[in-house]
Amino acid sequence: MIRVTAMPADLNPYGGVFGGWLMAQMALGAGSLASGVGRGKAVVVHATDFTFPDTMNMGDELSVYCEVIATGNTSLTIQAEGVGRDRDGEATVTVSSGTFKFVMLDANDRPRAVNLESECKRDN
């Protein structure tokens with residue numbers, strides 16, 4: 001969904017990439033998927049199951065991959081995975097993963113139904 005490079009402001013006091021930055025990038029990627037699939041405004045209402053199995057360094061590239069794993073009446077649950085790549089290499093490693101639940105909102109910021117018909121049309 002997105003690809004970004006870790007910069008000096010994204011580091012923790014020990015010189016590694018801050019876990020909060022990884023979570024934020026995953027939320028941005030998942031939100032982009034939720035808005036596209038749901039065809040409108042989507043807000044995160046729940047985030048869980050975060051893991052950070054490996055680390056990233058400044059200058060490494062983060063790719064965020066997302067998949068809808070459940071659809072409710074007004075919500076989409078999305079699994080996000082962060083994959084790091086050394087700036088000057090090709091090897092990749094999973095550095096983060098987590099699950100986000102988004103609720104679709106109407107023009108008055110009230111929950112609205114997820115339009116599955118739009119999702120099917122988008123895929124065809």
Side-chain angles (χ1 to χ4, degrees):
M1 292 304 303
I2 63 172
R3 185 168 288 146
V4 295
T5 299
M7 300 301 285
D10 306 321
L11 303 181
N12 64 33
Y14 302 104
V17 171
F18 182 55
W21 181 82
L22 291 168
M23 292 171 68
Q25 300 310 310
M26 289 191 306
L28 287 170
S32 180
L33 180 60
S35 291
V37 168
R39 299 286 192 219
K41 187 174 184 178
V43 295
V44 67
V45 295
H46 187 76
T48 189
D49 300 327
F50 287 98
T51 62
F52 302 95
D54 215 320
T55 61
M56 285 184 63
N57 296 306
M58 184 180 66
D60 289 356
E61 179 183 271
L62 176 71
S63 298
V64 177
Y65 299 93
C66 299
E67 175 184 10
V68 176
I69 58 172
T71 302
N73 292 329
T74 62
S75 66
L76 295 168
T77 302
I78 297 174
Q79 175 68 38
E81 179 182 61
V83 176
R85 181 183 66 81
D86 288 342
R87 184 171 184 81
D88 58 356
E90 293 300 319
T92 61
V93 62
T94 299
V95 295
S96 58
S97 66
T99 304
F100 297 86
K101 181 177 265 187
F102 288 83
V103 169
M104 301 306 302
L105 299 180
D106 65 16
N108 296 315
D109 288 337
R110 303 293 306 157
R112 68 163 173 86
V114 175
N115 187 348
L116 293 178
E117 186 176 322
S118 294
E119 183 179 353
C120 294
K121 288 180 184 176
R122 182 177 154 203
D123 293 338
N124 291 332

Using the rule that two of Ile, Leu, Val, Met, Phe, Trp, Tyr join whenever any of their side-chain heavy atoms come within less than 4.5 Å, decide whether [X] and [Y] are in one cluster.
| X | Y | value |
| --- | --- | --- |
| Val83 | Leu22 | no |
| Val93 | Val4 | yes |
| Leu105 | Val44 | no |

Evaluate the criterion side chain to side chain contact (heavy atoms under 4.5 Å, CB included) for residue pair Val64 and Leu28; output intermediate values, then yes/no. CA-CA 9 Å; Val64 177; Leu28 287 170; over 6 Å; no

When rounded to the nearest 0.5 angstrom, what is the spacing between [atom1] in [X] and [atom2] in [Y]?
| X | Y | atom1 | atom2 | answer |
| --- | --- | --- | --- | --- |
| Met26 | Tyr65 | CE | OH | 14.0 Å |
| His46 | Thr77 | NE2 | OG1 | 8.5 Å |
| Met104 | Lys41 | CE | NZ | 10.5 Å |

Please list, one pair per line, the donor and acceptor atoms closer than 3.5 Å that link side chains of residues 48-56 to other protein atoms, with sequence neighbours excluded.
unit_1, atom_1, unit_2, atom_2, d
Thr51, OG1, Ser97, OG, 2.7

Shortest non-hydrogen contact from [X] to [Y]?
| X | Y | value |
| --- | --- | --- |
| Ala6 | Val17 | CB-CG2, 3.6 Å |
| Cys66 | Ile78 | CB-CG2, 3.8 Å |
| Asp106 | Arg112 | N-CG, 3.9 Å |
| Arg87 | Gly59 | CB-O, 3.2 Å |
| Gln79 | Gly98 | NE2-O, 3.3 Å |
| Phe100 | Ala30 | CD1-CB, 3.9 Å |

With side chains defined as the heavy atoms from C-beta onward, is the minimum distance between Arg39 and Asn115 less than 4.5 Å?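 No. Closest side-chain heavy atoms not under 4.5 Å.
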
Checking Asp88 now: which residues fulfil salt bridge (Lys or Arg N to Asp or Glu O under 4.0 Å) with it, not counting sequence neighbours?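 Result, salt bridge (Lys or Arg N to Asp or Glu O under 4.0 Å) vs Asp88: none returned.
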
Who passes salt bridge (Lys or Arg N to Asp or Glu O under 4.0 Å) against Arg85, sequence neighbours left out?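 Here the qualifying residues are Glu61.
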
Got a sec, which pairs hit side-chain hydrogen bond (donor to acceptor under 3.5 Å, both in side chains) with one end in residues 6-20, sequence neighbours left out?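 Only Asp10-Trp21 qualify under side-chain hydrogen bond (donor to acceptor under 3.5 Å, both in side chains).
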
Using the test side-chain contact (heavy atoms from CB on, under 4.5 Å), find all partners of Ser75 that sit at least two apart in sequence or belong to another chain.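 For Ser75 the side-chain contact (heavy atoms from CB on, under 4.5 Å) partners, ignoring immediate neighbours, are Lys101, Val103.
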
Go through the structure and list residues passing side-chain contact (heavy atoms from CB on, under 4.5 Å) with Asn73, not counting sequence neighbours.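 Asn73 satisfies side-chain contact (heavy atoms from CB on, under 4.5 Å) with no other residue.
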
Could you walk me through whether Thr5 and Asp60 satisfy the side chain to side chain contact (heavy atoms under 4.5 Å, CB included) test, starting with their C-alpha distance in whole Å, then the side-chain angles of each, then the deciding distance to 0.1 Å, before giving a yes or no? CA-CA 6 Å; Thr5 299; Asp60 289 356; over 6 Å; no

